[in-house]
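One structure is given here, and the rest of the page talks about it.
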Amino acid sequence: MIWTAGFRTGVISPYERLQFSEPRRFADQTVRQVLHLAGGGDAFRVRLTNRYGRAPLTIGAATAAVGDRQVALTFDGAEHRVVPAGEEAVTDPVSVPVRSGSDVVVSLYLPERTDLATHSHKPAEVARIAHGNHVTSPVLPGAEQVEARFYLSGVDVLAPQGTTIAVAFGDSWFEGVGTTIGANRRSVDVLNRRLRHGWVVNQGIAGNRLLRDTVGEHGLARFDRDVLSIPAVSHVLVHFGINDLGLPAMLGEPPVSADALIDGFTTLAARAHTAGLKVVAATIGPFAGAGPEISTPEGLAVRREVNEWIRTTDAFDAVVDVAQAVAGPHAPDHIHPALDSGDGMHLNDKGAEVMAAAVNLDDLAL
(Lines give C-alpha, C1' and ligand atoms only; values in the text may rest on other atoms or scores of the structure.)
Protein backbone atom coordinates (compact mmCIF):
# COMPACT_ATOMS: atom_id res chain seq x y z
CA MET A 1 0.00 0.00 0.00
CA ILE A 2 1.11 3.57 -0.66
CA TRP A 3 0.06 7.01 0.51
CA THR A 4 -0.83 9.25 -2.40
CA ALA A 5 -3.09 12.20 -3.20
CA GLY A 6 -6.81 11.52 -3.08
CA PHE A 7 -7.51 15.25 -3.19
CA ARG A 8 -5.44 18.37 -3.80
CA THR A 9 -6.19 22.08 -4.03
CA GLY A 10 -3.86 24.82 -5.27
CA VAL A 11 -3.29 27.46 -2.56
CA ILE A 12 -2.26 31.10 -2.81
CA SER A 13 -1.05 33.90 -0.59
CA PRO A 14 -3.57 36.35 0.90
CA TYR A 15 -1.05 39.11 0.14
CA GLU A 16 -1.27 38.81 -3.64
CA ARG A 17 -1.17 41.99 -5.72
CA LEU A 18 -4.34 40.93 -7.55
CA GLN A 19 -7.23 39.66 -5.43
CA PHE A 20 -10.33 37.87 -6.76
CA SER A 21 -11.73 37.26 -3.28
CA GLU A 22 -11.39 38.91 0.10
CA PRO A 23 -8.59 37.50 2.29
CA ARG A 24 -9.81 36.31 5.69
CA ARG A 25 -8.56 35.87 9.21
CA PHE A 26 -10.28 34.02 12.05
CA ALA A 27 -10.61 34.07 15.85
CA ASP A 28 -12.62 31.66 18.03
CA GLN A 29 -14.32 30.26 14.93
CA THR A 30 -15.05 26.91 13.34
CA VAL A 31 -14.47 26.55 9.60
CA ARG A 32 -16.17 23.59 7.90
CA GLN A 33 -15.09 22.59 4.40
CA VAL A 34 -16.04 19.91 1.89
CA LEU A 35 -13.21 18.07 0.13
CA HIS A 36 -14.46 16.04 -2.85
CA LEU A 37 -12.16 13.06 -3.35
CA ALA A 38 -10.77 12.20 -6.76
CA GLY A 39 -9.51 8.87 -5.46
CA GLY A 40 -10.05 6.60 -2.49
CA GLY A 41 -8.25 4.17 -0.23
CA ASP A 42 -8.35 2.12 2.96
CA ALA A 43 -7.46 5.11 5.16
CA PHE A 44 -6.87 8.83 4.84
CA ARG A 45 -5.05 11.78 6.39
CA VAL A 46 -5.63 15.52 5.94
CA ARG A 47 -3.00 18.06 4.93
CA LEU A 48 -3.11 21.53 6.50
CA THR A 49 -1.12 24.48 5.24
CA ASN A 50 0.20 27.74 6.65
CA ARG A 51 2.49 28.16 3.66
CA TYR A 52 1.88 31.87 3.17
CA GLY A 53 1.09 32.76 6.78
CA ARG A 54 3.25 35.29 8.59
CA ALA A 55 2.41 33.99 12.06
CA PRO A 56 1.91 30.55 13.61
CA LEU A 57 -1.50 28.93 13.05
CA THR A 58 -3.14 27.33 16.08
CA ILE A 59 -5.53 24.43 15.48
CA GLY A 60 -7.58 23.96 18.63
CA ALA A 61 -9.51 20.91 17.42
CA ALA A 62 -10.43 19.25 14.16
CA THR A 63 -12.79 16.58 12.90
CA ALA A 64 -13.50 14.83 9.62
CA ALA A 65 -16.84 13.40 8.58
CA VAL A 66 -17.22 10.67 5.97
CA GLY A 67 -20.88 9.96 5.35
CA ASP A 68 -22.52 9.57 8.77
CA ARG A 69 -19.25 8.83 10.53
CA GLN A 70 -17.32 11.59 12.27
CA VAL A 71 -13.82 11.16 13.68
CA ALA A 72 -11.42 13.43 15.56
CA LEU A 73 -8.34 14.50 13.65
CA THR A 74 -5.15 14.36 15.69
CA PHE A 75 -1.50 15.33 15.29
CA ASP A 76 0.92 12.86 16.85
CA GLY A 77 -1.97 11.85 19.07
CA ALA A 78 -2.85 15.40 20.16
CA GLU A 79 -5.98 17.36 19.21
CA HIS A 80 -4.08 20.66 19.37
CA ARG A 81 -1.42 21.69 16.85
CA VAL A 82 0.54 24.85 16.09
CA VAL A 83 1.64 25.10 12.46
CA PRO A 84 4.59 27.50 12.12
CA ALA A 85 4.51 30.26 9.53
CA GLY A 86 5.50 28.93 6.13
CA GLU A 87 4.99 25.29 7.06
CA GLU A 88 2.42 22.52 6.68
CA ALA A 89 1.08 19.72 8.87
CA VAL A 90 -0.39 16.29 8.22
CA THR A 91 -2.90 14.65 10.55
CA ASP A 92 -2.50 11.17 11.92
CA PRO A 93 -3.98 8.49 9.64
CA VAL A 94 -7.69 7.80 10.00
CA SER A 95 -8.56 4.13 9.55
CA VAL A 96 -11.80 4.79 7.68
CA PRO A 97 -12.11 3.69 4.04
CA VAL A 98 -12.97 6.41 1.53
CA ARG A 99 -14.12 6.10 -2.08
CA SER A 100 -13.47 8.17 -5.17
CA GLY A 101 -16.28 10.66 -5.63
CA SER A 102 -17.06 10.80 -1.91
CA ASP A 103 -16.68 13.81 0.38
CA VAL A 104 -14.51 14.31 3.43
CA VAL A 105 -15.97 17.18 5.46
CA VAL A 106 -13.26 18.79 7.60
CA SER A 107 -14.05 21.09 10.53
CA LEU A 108 -11.26 23.21 12.02
CA TYR A 109 -11.56 25.14 15.27
CA LEU A 110 -9.29 28.20 15.27
CA PRO A 111 -9.24 29.48 18.87
CA GLU A 112 -6.74 32.32 18.49
CA ARG A 113 -6.69 35.29 16.16
CA THR A 114 -5.02 34.07 12.97
CA ASP A 115 -2.97 35.78 10.34
CA LEU A 116 -4.58 36.18 6.91
CA ALA A 117 -5.26 32.65 5.73
CA THR A 118 -3.43 30.69 3.07
CA HIS A 119 -6.34 29.76 0.82
CA SER A 120 -7.84 28.51 -2.43
CA HIS A 121 -9.81 31.47 -3.70
CA LYS A 122 -12.15 30.12 -6.40
CA PRO A 123 -12.66 26.41 -5.62
CA ALA A 124 -16.33 26.16 -6.74
CA GLU A 125 -17.15 25.09 -3.18
CA VAL A 126 -18.18 26.96 -0.05
CA ALA A 127 -16.65 27.08 3.40
CA ARG A 128 -19.03 27.47 6.35
CA ILE A 129 -17.86 29.65 9.22
CA ALA A 130 -19.38 29.91 12.72
CA HIS A 131 -18.30 31.44 16.01
CA GLY A 132 -17.10 29.10 18.75
CA ASN A 133 -15.97 25.49 18.77
CA HIS A 134 -18.46 23.41 16.80
CA VAL A 135 -16.23 20.80 15.21
CA THR A 136 -18.47 17.99 16.49
CA SER A 137 -21.79 19.73 15.78
CA PRO A 138 -23.88 18.23 12.96
CA VAL A 139 -24.89 21.74 11.88
CA LEU A 140 -22.98 24.99 12.33
CA PRO A 141 -25.25 27.54 14.04
CA GLY A 142 -25.63 30.81 12.16
CA ALA A 143 -22.92 29.85 9.69
CA GLU A 144 -21.63 32.28 7.11
CA GLN A 145 -20.95 30.80 3.67
CA VAL A 146 -18.10 31.96 1.48
CA GLU A 147 -16.63 30.54 -1.72
CA ALA A 148 -13.11 29.71 -0.59
CA ARG A 149 -11.02 27.00 1.01
CA PHE A 150 -8.84 27.88 4.01
CA TYR A 151 -5.75 26.23 5.48
CA LEU A 152 -6.29 22.96 3.60
CA SER A 153 -4.11 21.65 0.78
CA GLY A 154 -5.12 18.02 0.37
CA VAL A 155 -6.16 14.59 1.50
CA ASP A 156 -3.82 11.60 1.26
CA VAL A 157 -5.31 8.14 0.81
CA LEU A 158 -3.82 4.72 1.44
CA ALA A 159 -4.11 3.07 -1.96
CA PRO A 160 -2.93 -0.23 -3.44
CA GLN A 161 0.63 -0.51 -4.64
CA GLY A 162 0.72 0.20 -8.36
CA THR A 163 -1.90 2.97 -8.22
CA THR A 164 -1.07 5.78 -10.65
CA ILE A 165 -2.62 9.21 -10.84
CA ALA A 166 -2.50 12.39 -12.91
CA VAL A 167 -2.37 16.05 -11.92
CA ALA A 168 -4.47 18.72 -13.65
CA PHE A 169 -2.05 21.61 -13.47
CA GLY A 170 -3.10 25.05 -14.60
CA ASP A 171 -5.66 27.80 -14.16
CA SER A 172 -9.37 28.46 -13.61
CA TRP A 173 -10.42 26.09 -16.39
CA PHE A 174 -9.32 23.31 -14.05
CA GLU A 175 -10.21 24.93 -10.73
CA GLY A 176 -13.79 25.26 -11.94
CA VAL A 177 -14.66 28.96 -12.21
CA GLY A 178 -17.99 29.27 -14.00
CA THR A 179 -19.37 25.90 -12.92
CA THR A 180 -22.10 25.46 -10.32
CA ILE A 181 -20.69 26.00 -6.84
CA GLY A 182 -20.93 22.93 -4.64
CA ALA A 183 -22.04 20.62 -7.46
CA ASN A 184 -18.66 19.06 -8.41
CA ARG A 185 -19.07 19.87 -12.09
CA ARG A 186 -15.54 21.11 -12.74
CA SER A 187 -13.90 19.70 -15.85
CA VAL A 188 -11.61 17.58 -13.64
CA ASP A 189 -14.59 16.12 -11.75
CA VAL A 190 -16.25 15.16 -15.03
CA LEU A 191 -13.01 13.64 -16.32
CA ASN A 192 -12.67 11.53 -13.18
CA ARG A 193 -16.14 10.13 -13.71
CA ARG A 194 -15.01 8.97 -17.16
CA LEU A 195 -11.88 7.17 -15.96
CA ARG A 196 -11.82 3.41 -15.55
CA HIS A 197 -8.54 3.32 -13.60
CA GLY A 198 -6.68 5.84 -11.49
CA TRP A 199 -7.73 9.45 -11.02
CA VAL A 200 -6.80 13.08 -11.56
CA VAL A 201 -6.20 15.53 -8.70
CA ASN A 202 -6.92 19.20 -9.30
CA GLN A 203 -4.13 21.76 -8.92
CA GLY A 204 -5.81 24.53 -10.90
CA ILE A 205 -5.58 28.10 -9.59
CA ALA A 206 -7.86 30.75 -11.05
CA GLY A 207 -5.76 33.60 -12.41
CA ASN A 208 -2.55 31.57 -12.36
CA ARG A 209 0.06 32.16 -15.05
CA LEU A 210 2.75 29.96 -16.53
CA LEU A 211 5.46 32.62 -16.65
CA ARG A 212 4.82 35.31 -14.02
CA ASP A 213 3.61 35.49 -10.44
CA THR A 214 0.43 37.42 -9.76
CA VAL A 215 -2.23 35.04 -8.49
CA GLY A 216 -0.25 32.22 -6.94
CA GLU A 217 3.32 31.35 -7.79
CA HIS A 218 3.63 30.93 -11.54
CA GLY A 219 3.40 27.46 -13.05
CA LEU A 220 7.11 26.93 -13.58
CA ALA A 221 7.79 27.95 -9.97
CA ARG A 222 5.17 25.70 -8.34
CA PHE A 223 5.58 22.68 -10.61
CA ASP A 224 7.90 20.74 -8.30
CA ARG A 225 5.72 21.25 -5.23
CA ASP A 226 2.29 20.82 -6.83
CA VAL A 227 3.09 18.03 -9.29
CA LEU A 228 6.42 16.28 -8.79
CA SER A 229 6.04 15.93 -5.02
CA ILE A 230 2.92 13.76 -5.35
CA PRO A 231 3.63 10.03 -4.96
CA ALA A 232 2.52 7.77 -7.84
CA VAL A 233 1.99 10.63 -10.29
CA SER A 234 2.48 9.42 -13.86
CA HIS A 235 0.81 12.12 -16.01
CA VAL A 236 0.33 15.86 -15.91
CA LEU A 237 -2.46 17.66 -17.77
CA VAL A 238 -1.62 21.28 -18.55
CA HIS A 239 -3.85 24.28 -19.28
CA PHE A 240 -2.11 27.66 -19.08
CA GLY A 241 -1.99 30.77 -21.21
CA ILE A 242 -5.22 32.74 -20.82
CA ASN A 243 -3.90 34.70 -17.84
CA ASP A 244 -0.43 35.11 -19.35
CA LEU A 245 -2.13 36.79 -22.32
CA GLY A 246 -5.04 38.54 -20.64
CA LEU A 247 -3.61 40.01 -17.43
CA PRO A 248 -0.71 42.14 -18.73
CA ALA A 249 -2.94 44.85 -20.21
CA MET A 250 -5.02 44.97 -17.03
CA LEU A 251 -1.91 45.20 -14.83
CA GLY A 252 0.04 47.61 -17.00
CA GLU A 253 2.69 45.02 -17.88
CA PRO A 254 4.35 44.41 -21.23
CA PRO A 255 2.56 41.75 -23.29
CA VAL A 256 3.79 38.17 -23.41
CA SER A 257 5.10 36.96 -26.75
CA ALA A 258 4.36 33.65 -28.43
CA ASP A 259 8.07 32.76 -28.18
CA ALA A 260 8.04 33.31 -24.41
CA LEU A 261 4.98 31.09 -23.91
CA ILE A 262 6.39 28.40 -26.19
CA ASP A 263 9.66 28.45 -24.26
CA GLY A 264 7.73 28.14 -21.01
CA PHE A 265 5.66 25.19 -22.21
CA THR A 266 8.79 23.52 -23.59
CA THR A 267 10.60 23.94 -20.27
CA LEU A 268 7.64 22.56 -18.34
CA ALA A 269 7.40 19.52 -20.62
CA ALA A 270 11.14 18.85 -20.35
CA ARG A 271 11.04 18.95 -16.56
CA ALA A 272 8.09 16.57 -16.52
CA HIS A 273 9.80 14.17 -18.91
CA THR A 274 13.00 14.26 -16.86
CA ALA A 275 10.91 13.13 -13.89
CA GLY A 276 9.40 10.30 -15.96
CA LEU A 277 5.96 11.87 -16.41
CA LYS A 278 3.87 12.01 -19.56
CA VAL A 279 2.54 15.44 -20.50
CA VAL A 280 -0.94 16.02 -21.93
CA ALA A 281 -1.24 19.66 -23.02
CA ALA A 282 -4.44 21.55 -23.69
CA THR A 283 -4.70 24.30 -26.25
CA ILE A 284 -5.45 27.72 -24.77
CA GLY A 285 -9.18 28.25 -24.48
CA PRO A 286 -11.03 31.12 -26.17
CA PHE A 287 -11.43 34.35 -24.22
CA ALA A 288 -12.39 37.02 -26.75
CA GLY A 289 -15.65 37.68 -24.92
CA ALA A 290 -13.92 38.76 -21.72
CA GLY A 291 -13.82 42.41 -22.71
CA PRO A 292 -11.23 44.76 -24.24
CA GLU A 293 -9.11 45.08 -21.07
CA ILE A 294 -8.35 41.34 -21.14
CA SER A 295 -8.98 40.09 -24.68
CA THR A 296 -6.71 42.39 -26.65
CA PRO A 297 -6.19 41.79 -30.38
CA GLU A 298 -2.48 41.20 -29.69
CA GLY A 299 -3.19 38.60 -27.00
CA LEU A 300 -5.72 36.76 -29.15
CA ALA A 301 -3.23 36.66 -32.03
CA VAL A 302 -0.60 35.13 -29.74
CA ARG A 303 -3.17 32.58 -28.55
CA ARG A 304 -3.77 31.44 -32.11
CA GLU A 305 -0.03 31.18 -32.79
CA VAL A 306 0.74 29.25 -29.61
CA ASN A 307 -2.23 26.93 -30.14
CA GLU A 308 -1.00 26.02 -33.59
CA TRP A 309 2.38 25.21 -32.06
CA ILE A 310 0.76 23.07 -29.34
CA ARG A 311 -1.16 21.12 -31.98
CA THR A 312 1.93 20.37 -34.06
CA THR A 313 4.89 20.17 -31.65
CA ASP A 314 6.44 16.94 -30.42
CA ALA A 315 7.19 18.51 -27.00
CA PHE A 316 4.14 16.80 -25.48
CA ASP A 317 3.00 13.20 -25.34
CA ALA A 318 -0.57 14.14 -26.26
CA VAL A 319 -2.71 17.20 -26.94
CA VAL A 320 -6.28 18.01 -25.91
CA ASP A 321 -7.69 20.56 -28.33
CA VAL A 322 -9.87 22.33 -25.78
CA ALA A 323 -9.88 25.51 -27.86
CA GLN A 324 -11.50 23.80 -30.81
CA ALA A 325 -13.89 21.76 -28.65
CA VAL A 326 -15.48 24.76 -26.92
CA ALA A 327 -15.14 27.49 -29.56
CA GLY A 328 -18.05 29.24 -31.23
CA PRO A 329 -18.74 27.80 -34.71
CA HIS A 330 -18.40 31.17 -36.44
CA ALA A 331 -16.20 32.99 -33.91
CA PRO A 332 -13.37 30.68 -32.80
CA ASP A 333 -11.82 33.27 -30.47
CA HIS A 334 -15.06 33.17 -28.47
CA ILE A 335 -16.47 30.40 -26.30
CA HIS A 336 -19.56 28.82 -27.85
CA PRO A 337 -22.57 30.69 -26.39
CA ALA A 338 -24.07 27.46 -25.05
CA LEU A 339 -20.87 26.70 -23.12
CA ASP A 340 -20.09 30.20 -21.82
CA SER A 341 -20.57 30.87 -18.10
CA GLY A 342 -21.53 34.43 -19.00
CA ASP A 343 -18.23 36.24 -18.57
CA GLY A 344 -16.71 35.37 -21.95
CA MET A 345 -13.70 33.52 -20.54
CA HIS A 346 -14.98 30.66 -18.38
CA LEU A 347 -16.98 27.53 -19.10
CA ASN A 348 -20.35 26.68 -17.60
CA ASP A 349 -21.29 23.15 -16.49
CA LYS A 350 -21.92 22.02 -20.07
CA GLY A 351 -18.66 23.58 -21.20
CA ALA A 352 -16.76 21.74 -18.49
CA GLU A 353 -18.32 18.50 -19.73
CA VAL A 354 -17.18 19.25 -23.27
CA MET A 355 -13.67 20.04 -22.05
CA ALA A 356 -13.49 16.75 -20.16
CA ALA A 357 -14.90 14.82 -23.14
CA ALA A 358 -12.11 16.19 -25.34
CA VAL A 359 -9.55 14.18 -23.35
CA ASN A 360 -8.69 10.87 -25.01
CA LEU A 361 -8.59 8.40 -22.13
CA ASP A 362 -5.98 6.34 -23.96
CA ASP A 363 -3.62 9.30 -23.52
CA LEU A 364 -3.87 8.93 -19.76
CA ALA A 365 -3.70 5.14 -19.43
CA LEU A 366 -3.64 5.36 -15.64
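Numbers here are sequence positions counted from 1.
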Query raised in the report: Between Arg24 and Glu144, does at least one N-O distance fall below 4.0 Å, as a salt bridge requires?
Result: yes
**Report entry** Cationic N near anionic O, under 4.0 Å, Glu88 to Arg51
**Finding:** yes
Query - Exam field: side chain His119 to backbone His121, donor-acceptor pair closer than 3.5 Å - result: no
Query - Presence of salt bridge, Arg149 and Glu175, under 4.0 angstrom - result: no
Report task. Could you go through the side-chain contact (heavy atoms from CB on, under 4.5 Å) check for Leu261 and Leu211 one step at a time? Result -> CA-CA 7 Å; Leu261 267 177; Leu211 302 178; 4.1 Å; yes
Report task. Run the salt-bridge test on Arg8 and Asp226 with the 4.0 Å N-O cut-off and return the result as yes or no. Result -> no
Requested in this report: Just do the side-chain contact (heavy atoms from CB on, under 4.5 Å) check on Ile165 and Val200 with the steps written out, would you?
Outcome: CA-CA 6 Å; Ile165 66 174; Val200 183; over 6 Å; no
Requested in this report: Check the angle between the aromatic planes of His239 and Trp173 and answer parallel, tilted or perpendicular using the 30° and 60° thresholds.
Outcome: parallel
Query raised in the report: Any donor and acceptor pair, going by atom type alone, linking the side chain of Ser120 with main-chain N or O of Gly10 inside 3.5 Å?
Result: yes
Query raised in the report: Please walk me through it: do Ser172 and His346 pass side chain to side chain donor-acceptor pair (under 3.5 Å)?
Result: CA-CA 8 Å; Ser172 56; His346 293 106; 2.9 Å; yes
**Report entry** Pair Arg45 + Asp156, salt bridge at N-O below 4.0 Å
**Finding:** yes
Query raised in the report: When you look at Trp309 and Phe316, which way does the ring-ring contact (aromatic ring centres under 6.0 Å, His included) test go after all the steps?
Result: CA-CA 11 Å; Trp309 173 81; Phe316 308 117; 5.6 Å; yes
Report task. Answer with yes or no after comparing the ring centroid distance for Phe169 and Phe223 against a 6.0 Å cut-off, counting only values under it. Result -> yes
Report task. Take Thr283 and Arg311 through the side-chain contact (heavy atoms from CB on, under 4.5 Å) test and state the conclusion after the steps. Result -> CA-CA 7 Å; Thr283 49; Arg311 294 180 181 110; 4.0 Å; yes
Requested in this report: Would you please test Arg47 and Ser153 for side chain to side chain donor-acceptor pair (under 3.5 Å) and show each step?
Outcome: CA-CA 6 Å; Arg47 307 186 73 89; Ser153 61; 4.6 Å; no
Query raised in the report: Quick one: do Arg185 and Glu353 make a salt bridge, cutoff under 4.0 Å?
Result: no
Report task. Would you indicate whether Arg113, at its atom CZ, is surrounded by more than 12 heavy atoms from other residues, nucleotides or ligands within a distance under 6.0 Å? Result -> no
Report task. Return yes when atom CZ of Arg99 has more than 12 non-hydrogen atoms of other residues, nucleotides or ligands closer than 6.0 Å, and no otherwise. Result -> no
